[in-house]
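To start, the structure under review is shown below, and the notes come after it.
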Amino acid sequence: MQYNVAQLLNEPTGSTRRVQLETGPGYSGDLAVAYGGSLEFLRTHQGLLVRGNVQASVVLTCGRCLNEFSSPNQLEVEEEFYSLVDVNTGERMDSVWDFEGTVIDFDHVLDMSEVLRQYTIAAQPIKPLCRTDCGGLCQECGVDLNQESCKCSEDAIDPRWKDLAALLDQSET
Ligand SMILES: [Zn+2]
Ligand SMILES: [Zn+2]
């Protein structure tokens, strides 16, 4: 997700470009995600303002049934990138030399990867669920209760007490 923005940096403040964003499923850090949508690059005084509505389809693992599922996210991206060098003179911009934020590198390449990764992470739930009413896994036998049912919950006696219950049965006879 790298864009060479040298040409746009040569244009006056306020100039814009629209770029399409389309990536197949791939890894962004440890998140498997596919991106779609478009971004607008706006020439600012010190660099470029990147804005857009990005669709991020993220593969998550359900916190209840442990199945993987695809979670759609809408990311409202707005991030200003600062030029490290003046596009005309090639001289470094002292004002952003120690800048810790997002920058356009010395080759006038703007890389969206890390910014999108941060937005994507921020959009994820703490405990992902494949659906709000996910049945989860049976705590006794481990079957996926979304797929099949089991008899565990019908059994009034906690299996851990089964042996004891059997002993009690015997003593009563
Ligand atoms: Zn689930
Ligand atoms: Zn069960």
Side-chain angles (χ1 to χ4, degrees), residues 1-5 16-42 47-82 99-105 109-173:
M1 273 176 281
Q2 298 190 327
Y3 304 92
N4 190 309
V5 292
T16 60
R17 281 283 187 294
R18 185 160 284 276
V19 300
Q20 292 300 315
L21 190 66
E22 203 73 52
T23 72
Y27 277 90
S28 172
D30 52 4
L31 281 179
V33 49
Y35 291 108
S38 68
L39 295 168
E40 183 192 65
F41 293 175
L42 172 72
L48 295 175
L49 179 65
V50 178
R51 287 185 297 199
N53 204 312
V54 173
Q55 291 89 51
S57 180
V58 186
V59 177
L60 297 176
T61 301
C62 176
R64 275 190 207 150
C65 69
L66 307 182
N67 286 316
E68 289 194 335
F69 66 101
S70 177
S71 165
N73 296 266
Q74 289 288 334
L75 311 177
E76 294 281 342
V77 175
E78 182 166 329
E79 193 79 26
E80 187 160 13
F81 285 73
Y82 296 85
F99 186 62
E100 304 253 313
T102 42
V103 295
I104 301 163
D105 74 9
V109 170
L110 184 157
D111 189 351
M112 283 303 293
S113 313
E114 179 58 20
V115 168
L116 285 179
R117 193 178 77 85
Q118 298 288 348
Y119 272 86
T120 307
I121 289 171
Q124 300 317 306
I126 292 166
K127 184 179 180 183
L129 292 178
C130 62
R131 54 176 213 246
T132 50
D133 63 345
C134 170
L137 302 177
C138 172
Q139 299 204 348
E140 299 302 338
C141 70
V143 304
D144 184 342
L145 296 173
N146 298 311
Q147 312 278 348
E148 51 188 308
S149 56
C150 63
K151 301 238 183 278
C152 302
S153 56
E154 290 170 21
D155 197 338
I157 302 168
D158 186 317
R160 282 168 293 183
W161 298 106
K162 252 181 194 160
D163 291 346
L164 185 61
L167 278 174
L168 288 171
D169 277 351
Q170 279 172 13
S171 65
E172 276 168 18
T173 50

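Quick caveat: nothing in here was measured; it's all calculated off a predicted structure. Read the numbers this way: they start at 1 and go in the same order the structure lists the ligands and their atoms. Below, each value reflects all heavy atoms present in this structure, side chains not excepted, and no hydrogens, waters or symmetry copies.
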Study note, to complete from the structure: The angle formed at the Zn ion (ligand 1) by SG of C62 and SG of C134 is about (to 10 degrees) 110°
Review point. In degrees, rounded to 10 degrees, what angle do C138 atom SG and C141 atom SG make at the Zn ion (ligand 2)?
Key: 110°
Point to revise | Over all atoms of both residues, closest heavy-atom pair of T23 and V33 | key: OG1-O, 4.5 Å
Point to revise | CD/Q139: more than 12 non-hydrogen atoms of other groups inside 6.0 Å | key: no
Practice item. Could you grab the distance from atom CG of L110 to atom CG of L39, nearest 0.5 Å is fine? Key: 9.0 Å
Check your understanding: Rounded to 10°, how many degrees is the angle SG/C130-the Zn ion (ligand 1)-SG/C65?
Key -> 110°
Point to revise | Candidate list V58, N73, T120, test side-chain contact (heavy atoms from CB on, under 4.5 Å), partner Y35, passing option | key: T120
